[in-house]
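First the structure, in the form of structure tokens, and then the observations on it.
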Protein chains: 2
Amino acid sequence: MATQKDVARLAGVSVSTVSRVLNGSSLVDEKTRDKVQAAIKKLNYRPNLLAYSLRARSSRLVGLILPELTSIHASFLQQVEESCMERGYSVMVGLHRNDCEREKALIDEFQRRNGDGLILYPAIDGQNVSNNLMEYISIPVVLYEHSFGGQFGNVTFNNYEAGAMAARYLLKLGHRNLACTVGPMGSKFLRDRFWGFYNELKKQGLTVQEKNIYRCDFNYQVSNFQSGGEAVDYFLEGRSPEDTPTAIWAHNDNVALGILKGLHKRGIRIPEEISVVGVDNISLTEVYYPSLTTIGQPVKKMAEKAVEMLVRQIESKDGYRAGNLVMEPELVVRESTGPCAGWKRLQSEKQAGA
Amino acid sequence: MATQKDVARLAGVSVSTVSRVLNGSSLVDEKTRDKVQAAIKKLNYRPNLLAYSLRARSSRLVGLILPELTSIHASFLQQVEESCMERGYSVMVGLHRNDCEREKALIDEFQRRNGDGLILYPAIDGQNVSNNLMEYISIPVVLYEHSFGGQFGNVTFNNYEAGAMAARYLLKLGHRNLACTVGPMGSKFLRDRFWGFYNELKKQGLTVQEKNIYRCDFNYQVSNFQSGGEAVDYFLEGRSPEDTPTAIWAHNDNVALGILKGLHKRGIRIPEEISVVGVDNISLTEVYYPSLTTIGQPVKKMAEKAVEMLVRQIESKDGYRAGNLVMEPELVVRESTGPCAGWKRLQSEKQAGA
DNA sequence: ATAGATTATGAAATCGATTGTATTCATTAT
DNA sequence: ATAATGAATACAATCGATTTCATAATCTAT
């Protein structure tokens with residue numbers, strides 16, 4: 001790899017002149033410029049970004065730290081890469097697997113590489129979220145899906161509203177006997193999803209019975225699928241028809257797909273007998289049979305915004321600090337939901353009566 | 001961020017001494033060492049990796065360049081990150097989206113950052129694969145899924161055998177009227193898959209009729225799902241029962257899932273009426289209804305091997321160059337395949353006769 | 001006691017860029 | 001003709017590390 005020194009030697013000038021040519025300084029004679037340009041082309045010279053970064057204190061490097069690469073995080077990463085590329089930043093990825101030590105190591109490593117800024121989905125270690133991040137992060141950060149009381153800029157999903165939206169939709173379809181799953185309550189965003197759902201029912205004078213709430217233990221993709229299956233057993237085993245929920249809301253799509261599968265196995269028709277709703281709108285919800293009605297999270301847009309907010313912080317000279325951006329859910333109706341059977345009958349009777 | 005200079009000042013020694021302490025040199029007095037260690041702790045000093053890289057000509061940075069983040073590539077990335085972490089390397093990711101220009105830009109960028117080595121899934125631009133990579137890559141490389149005549153080290157999947165394995169399995173189940181999909185023939189690995197399937201049938205004196213071969217145009221995940229649906233239309237529209245294939249092999253799992261969905265829509269029972277087989281064994285094949293029988297690609301192992309081969313090249317002082325590693329497919333039998341209906345009858349008659 | 005070896009340390013070069021300061025040379029003004 | 005201006009370029013410092021070389025201090029052996 002040729003350096004500026006080589007170019008300078010070949011062109012018969014000093015390195016500073018080469019540098020000036022590269023940076024488009026007007027303080028360089030046209031003939032000299034041409035000589036340098038020729039040398040650059042001849043040697044196929046390209047500036048070393050490490051040296052630049054060291055001097056300029058800017059690496060044009062964005063770090064993305066996630067727990068793991070689930071479907072939704074992969075979409076997020078894909079868009080982050082796209083948006084960074086557009087702005088001339090490269091992306092380093094680290095997966096902490098919900099291990100706080102590892103998360104710290106990744107952040108540290110990134111800062112030691114003079115990374116410009118970080119997009120971080122913090123580790124959830126059991127009931128505790130890493131909470132002393134402030135101490136060892138000294139570069140711009142945008143949090144994804146977590147807010148930490150606004151200490152950092154962040155992009156979150158309106159999880160409460162997502163839960164509420166699911167509840168409203170199922171109620172509108174006439175369902176009254178509802179079941180739902182909940183994830184580890186250690187993470188605020190899952191709590192929000194649940195309470196949104198719960199409180200919306202309450203508002204309508206309804207509730208979810210304890211036996212219709214299935215608590216999923218794990219937080220990993222495969223386990224989520226499994227949890228869905230287990231939830232079905234939990235909701236259906238030894239129940240009379242009247243005691244069986246007519247709709248199930250899952251706190252995320254992977255669990256919802258596990259539920260669909262579990263219902264299939266038992267030969268239960270969807271949505272005729274039981275309706276299912278998820279949250280997230282991951283890509284496979286569309287292909288599944290039946291396709292899954294879900295509360296969509298605008299992941300791509302969130303990634304785009306996260307990068308935008310981060311880069312603005314990085315490039316601002318007046319210490320701009322990004323705020324809290326909350327993205328709204330969107331109901332995506334597909335094939336896994338339908339009017340409650342009893343309700344349907346009621347409706348047609350009404351129509352016949354009219 | 002504290003530097004060695006700060007530590008040196010605080011400890012009352014020179015930077016060279018600090019550096020020696022950090023690198024565990026024996027040529028430093030115990031008392032001095034303690035003073036320096038104390039200063040390091042006090043200032044919470046951590047070495048700047050950029051400066052180190054510049055000097056040492058080793059960045060401990062591995063680049064991973066992929067077309068995009070499909071399910072299978074996300075798994076690959078996840079394992080690459082894991083394996084790199086274990087060996088003390090960080091990972092930069094770039095997605096070229098099958099655009100050769102972009103691929104070149106990513107490679108270039110990475111080399112300008114003194115990246116140590118590259119794992120590359122090359123761009124397939126229409127019928128042409130980027131073929132002058134040699135010219136602008138001057139660091140260790142391991143190719144993924146492509147071999148380029150062995151110019152670079154590479155990890156590939158035995159795609160030919162995967163196709164053959166699918167064919168053998170379906171024949172064993174008694175299917176004789178087979179259909180299949182093919183992807184863009186510009187990429188060798190998809191050609192291999194097809195010819196493996198085709199030749200295996202030929203070996204048994206069978207063939208796939210032209211009307212039972214559906215050519216998928218696109219290479220992207222969403223389109224793959226769609227292609228599967230279109231393939232179903234192509235195979236079934238206006239066919240008499242005898243003329244309808246009893247088994248379909250898709251050249252990848254996404255297409256296969258699209259096919260399952262298409263068959264569902266038409267009310268066709270799987271596998272009773274039509275069996276379906278995919279290739280890759282992506283995670284959703286297990287959750288789908290019915291779960292998909294597929295020819296598994298050991299992605300995690302391939303990622304692990306790729307990193308292993310790459311790091312060995314990077315760290316070898318005698319110019320070691322990795323060779324070609326071919327990973328074997330594995331038949332994963334699930335619910336989407338079953339004996340051919342006619343064959344089943346034949347078998348039971350046989351049994352009854354015996 | 002002194003030469004020679006050993007140990008501990010600092011100064012300076014280096015990696016590959018950028019940039020402030022100094023210098024050279026040509027041009028213009030007085 | 002000479003001083004002042006300005007353009008073009010070179011020199012040197014800097015970013016934060018490592019490493020070679022030189023030097024000072026200590027120790028060993030004769």
Side-chain angles (χ1 to χ4, degrees), chain A residues 1-37 39-40 43-61 88 108-116 138-139, chain B residues 1-37 39-40 43-61 88 108-116 138-139:
Chain A
M1 267 284 198
T3 72
Q4 280 190 7
K5 211 169 169 181
D6 302 320
V7 175
R9 193 169 14 238
L10 182 61
V13 297
S14 73
V15 284
S16 17
T17 302
V18 175
S19 177
R20 271 188 279 261
V21 170
L22 285 163
N23 293 294
S25 163
S26 60
L27 283 168
V28 50
D29 191 72
E30 205 176 333
K31 278 171 292 180
T32 315
R33 193 191 309 276
D34 290 348
K35 269 194 301 182
V36 172
Q37 300 277 26
I40 286 175
L43 295 173
N44 190 29
Y45 165 82
R46 257 168 333 242
N48 181 306
L49 288 175
L50 236 49
Y52 168 82
S53 303
L54 187 61
R55 177 76 225 249
R57 303 175 157 295
S58 155
S59 54
R60 299 202 79 76
L61 195 59
D108 200 62
E109 166 97 8
F110 183 68
Q111 294 191 114
R112 289 175 55 196
R113 287 187 191 275
N114 283 21
D116 283 343
S138 52
I139 54 174
Chain B
M1 266 286 199
T3 71
Q4 279 192 5
K5 213 170 168 181
D6 302 320
V7 175
R9 193 169 12 236
L10 182 63
V13 297
S14 73
V15 285
S16 10
T17 303
V18 176
S19 177
R20 270 186 281 258
V21 170
L22 285 162
N23 294 294
S25 161
S26 60
L27 284 169
V28 50
D29 190 72
E30 205 177 330
K31 279 172 291 181
T32 315
R33 192 192 311 276
D34 290 347
K35 272 195 299 182
V36 172
Q37 300 277 25
I40 287 175
L43 294 173
N44 191 28
Y45 165 81
R46 259 168 333 244
N48 182 305
L49 288 174
L50 236 49
Y52 167 82
S53 302
L54 187 59
R55 177 79 225 252
R57 303 174 159 297
S58 154
S59 53
R60 299 202 76 78
L61 195 58
D108 201 60
E109 167 96 9
F110 183 69
Q111 295 192 114
R112 289 176 53 196
R113 285 186 192 273
N114 283 20
D116 282 343
S138 52
I139 54 174

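Because the structure is a prediction, the values reported are computed rather than measured. Within every chain, numbering begins at 1; the chains are lettered A, B, ... in the order of the sequence lines, protein sequences first and strands thereafter. Basis for what follows: all heavy atoms, side chains included, without hydrogens, waters or symmetry-related copies.
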Spacing between B:R46 atom CZ and D:dG16 atom P, to the nearest angstrom: 15 Å
Residues two or more places apart in sequence or in another chain: which of them pass salt bridge (Lys or Arg N to Asp or Glu O under 4.0 Å) with A:R9? A:D6
B:N23 CG - D:dT19 C1' separation (whole Å): 10 Å
Could you check how far NZ of A:K31 sits from C1' of D:dA8, rounded to whole Å? 11 Å
Note: for A:V18 and B:A51 on DNA chain C, the residue whose nearest nucleotide lies more 5' is B:A51
Mind checking the OG-CG spacing from A:S53 to B:L49? Nearest 0.5 Å is all I need. 12.5 Å
For B:R20, the salt bridge (Lys or Arg N to Asp or Glu O under 4.0 Å) test, sequence neighbours excluded, returns none
Side-chain donor-acceptor contacts of residues 26-35 of chain B below 3.5 Å, not counting sequence neighbours, with atom names and distances?
residue	atom	partner	partner atom	Å
B:D29	OD2	B:K31	N	3.1
B:R33	NH2	B:V28	O	3.1

Roughly how many Å is it from CG in B:L54 to C1' in C:dA13, rounded to a whole number? 13 Å
Does C:dA17 have OP1 or OP2 under 4.0 Å away from a side-chain N or O of A:Y45? yes
Do B:L50 and A:L50 come close enough that some side-chain heavy atom pair is under 4.5 Å? yes
Can you name the residues that form a side-chain hydrogen bond (donor to acceptor under 3.5 Å, both in side chains) with A:E109, not counting sequence neighbours? A:R113, B:S90
In whole angstroms, the gap separating P of C:dA17 from CG of B:L50 amounts to 13 Å
What is the separation between atom CG on A:N114 and atom C1' on C:dA17, rounded to the nearest whole Å? 14 Å
Could you list, one pair per line, each protein nitrogen or oxygen that sits under 3.5 Å from a nitrogen or oxygen of nucleotides 22-27 of chain C, together with the distance?
none

What integer distance in Å separates A:I40:CD1 from C:dA17:P? 10 Å
Counterpart residues, side chain to side chain contact (heavy atoms under 4.5 Å, CB included), relative to B:I139 (two or more places apart): B:F110, B:Q111, B:L118, B:I137
With B:Y45, which residues qualify under side chain to side chain contact (heavy atoms under 4.5 Å, CB included), at least two apart? B:A2, B:Q4, B:V7, B:L22, B:I40, B:P47
Protein and nucleotides 8-10 of chain C: nitrogen or oxygen contacts under 3.5 angstrom:
residue	atom	partner	partner atom	Å
C:dT9	OP1	B:T32	OG1	2.4
C:dT9	OP2	B:D29	N	2.9
C:dT9	OP2	B:T32	OG1	3.1
C:dG10	OP2	B:S14	N	2.8
C:dG10	OP2	B:S14	OG	2.9
C:dG10	OP2	B:T17	OG1	2.6
C:dG10	N7	B:R20	NH2	2.9
C:dG10	O6	B:R20	NH1	3.4
C:dG10	O6	B:R20	NH2	3.4

Least distance between heavy atoms, A:S59 atom then A:N114 atom: OG-O, 2.5 Å
Between D:dA17 (C1') and B:Y52 (OH): distance, integer Å: 10 Å
What residues from residues 1-10 of chain B pass a heavy-atom cutoff of under 4.0 Å to DNA chain C? none
Would you say B:R57 reaches C:dG16's phosphate, i.e. side-chain N/O to OP1/OP2 under 4.0 Å? yes
For A:R46, enumerate each residue passing the side-chain hydrogen bond (donor to acceptor under 3.5 Å, both in side chains) test, keeping only those at least two apart in sequence or located in another chain. A:N44, B:D108
So, using side-chain hydrogen bond (donor to acceptor under 3.5 Å, both in side chains) as the criterion, who are the partners of A:T17 when residues are at least two apart? A:S14
